[in-house]
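Okay, here's the structure, questions in a sec.
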Amino acid sequence: MTNSNTLFKLDLDAQQHTDRLSSVIQQRMTESDNKISFADYMHLCLYHPELGYYSASNEKIGPRGDFTTAPEISPLFSKSLAYHLIDIFTQTEQPSVLEFGAGTGKMAADILAELEKNNVLPECYYILEASAYLRNKQEETINKLIPHLASKVVWLSALPQSFSGVIIANEVCDAMPIHRVEFNNNAVTELYVEHGDGGNFQLCQSLLDPRLQARSQQIQDLIDPQQNYKTEINLAAEAWLATLAQILQQGAIYIIDYGYPRQSYYHPQRNEGTLMCYYQHRGHNNPLILQGLQDITSHVDFTALAETAMENGLDVAGYQSQADFLIAGGILDHLHSKGMTTFDEMQQKMQLKRLTLPSEMGEDFKALSLTKNLDQLLSRLQLADRRYSL
Ligand SMILES: C[S@@+](CC[C@H](N)C(=O)[O-])C[C@H]1O[C@@H](n2cnc3c(N)ncnc32)[C@H](O)[C@@H]1O
């Protein structure tokens with residue numbers, strides 16, 4: 001199969017990789033009426049065990065990869081998050097940490113170092129990672145940056161039956177496979193992927209998966225149902241959170257990601273949805289090319305997550321912009337200049353700006369804080385709390 005793609009020049013290895021994954025996808029289509037849901041397509045593109053974007057052994061995160069995340073920009077991010085964790089540790093018996101999708105392992109290393117500095121190490125720092133490649137990378141990072149704490153870090157292949165402490169997920173929900181839906185003339189259809197002309201994939205319309213019915217009705221109430229409107233629904237993130245709520249005995253879940261409350265997410269003007277792809281730091285909106293080579297992502301509907309949380313016995317304790325969440329975690333107190341060159345100081349200021357300015361990551365990214373069985377108020381979550389907007 002050829003992958004018609006004039007924007008990006010691929011070397012032979014990359015072309016062969018994407019061709020192999022395209023053949024797997026095509027085979028999957030042949031087995032199911034010549035089309036698959038967009039969620040199944042995205043799952044294969046990102047998580048096929050051998051050829052999926054997150055499974056394959058290419059650099060993904062950082063300057064030599066396709067995108068950068070907050071913990072990679074600066075340790076200030078993880079240090080500030082650590083103080084939110086400490087607030088939970090003081091109210092929880094034998095707390096541990098469980099991090100989902102830990103990327104390169106940098107956030108885990110920086111958080112553990114900060115907790116050690118405060119004499120509040122957790123029982124265990126668990127990591128649950130979908131990608132075998134990133135799991136190895138995480139182990140390397142931990143052994144390099146905090147070798148004396150490496151025994152604290154344990155990789156899990158499945159969720160524990162029960163858990164107490166803090167669960168964290170930074171930029172994980174946006175990487176979960178989403179369903180795509182299209183509204184037109186008062187009707188709603190689901191978008192599937194089929195095999196098109198010239199060896200390419202194309203979108204086609206199909207009957208709506210019944211699980212999308214209720215959410216589609218909510219969206220229809222927010223838009224002009226006559227207009228053509230394409231968007232996404234992230235059922236995977238809701239199911240994931242419902243499971244976490246069941247295993248959490250006492251503690252908190254922090255979900256940090258780019259996203260909006262439902263009213264803004266499904267705004268009439270956002271009529272092409274929020275889906276984006278990243279390849280070598282170039283963003284575009286075509287997920288039907290570069291299979292297995294590019295990241296595919298969409299924003300998070302934080303209202304859906306807050307509703308799921310409440311339905312499953314969690315308290316929604318805070319909803320803040322990333323900037324406010326980090327300021328509440330003391331990011332400004334963590335800036336230091338002792339023994340630093342002027343160049344290092346300037347770099348630190350640049351990092352602070354990237355993490356907190358509204359035009360950078362400060363406003364588009366949000367932190368949703370969910371708790372269970374905690375008695376004391378978490379005062380850090382009161383700073384510019386926006387739960388009213390959910
Ligand atoms: C965009 S990266 C973010 C990495 C890291 N958290 C960071 O901030 O640098 C998404 C990560 O989520 C992982 N992931 C996605 N879905 C997951 C799931 N259901 N369980 C565990 N990890 C998952 C991916 O393998 C990847 O490590």
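Note that the numbering runs from 1 along the sequence shown for the chain. First listed ligand is number 1; within each ligand, the first listed atom is number 1.
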Expected list for residues 154-177: side-chain donor-acceptor pairs under 3.5 angstrom, two or more places apart:
from: Trp155; atom 1: NE1; to: Gln138; atom 2: OE1; distance (Å): 2.9
from: Asp174; atom 1: OD1; to: Tyr258; atom 2: OH; distance (Å): 3.1
from: Asp174; atom 1: OD1; to: Thr297; atom 2: OG1; distance (Å): 2.9

field: Side chains of Tyr192 and Phe38 in contact at under 4.5 Å (non-hydrogen atoms)
entry: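 No; the side chains remain at least 4.5 Å from each other.
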- request: Return the set of residues passing side-chain contact (heavy atoms from CB on, under 4.5 Å) with Ala70 (not counting sequence neighbours), or none when no residue passes.
  value: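 Listed in chain order: Phe77, Gln322, Leu355, Met361.
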- prompt: Can you list the steps and then say if Glu140 with Lys144 is a salt bridge (charged side-chain N to carboxylate O under 4.0 Å, His left out)?
  reply: CA-CA 6 Å; Glu140 273 172 30; Lys144 188 170 149 207; over 6 Å; no
Contact residues of ligand 1, where a non-hydrogen atom lies under 4.0 Å away: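 The answer is Tyr47, Tyr54, Ile61, Phe67, Thr69, Pro71, Phe100, Gly101, Ala102, Gly103, Leu128, Glu129, Ala130, Ser131, Leu134, Asn170, Glu171, Val172, counting any residue whose heavy atom sits under 4.0 Å from ligand 1.
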- request: Kindly check if the number of other-residue, nucleotide or ligand heavy atoms within 6.0 Å of CD (Gln94) is above 12?
  value: no
- prompt: Hydrophobic clusters join Ile, Leu, Val, Met, Phe, Trp and Tyr when side-chain heavy atoms are under 4.5 Å apart, directly or via other members; which others share one with Tyr278?
  reply: Met276
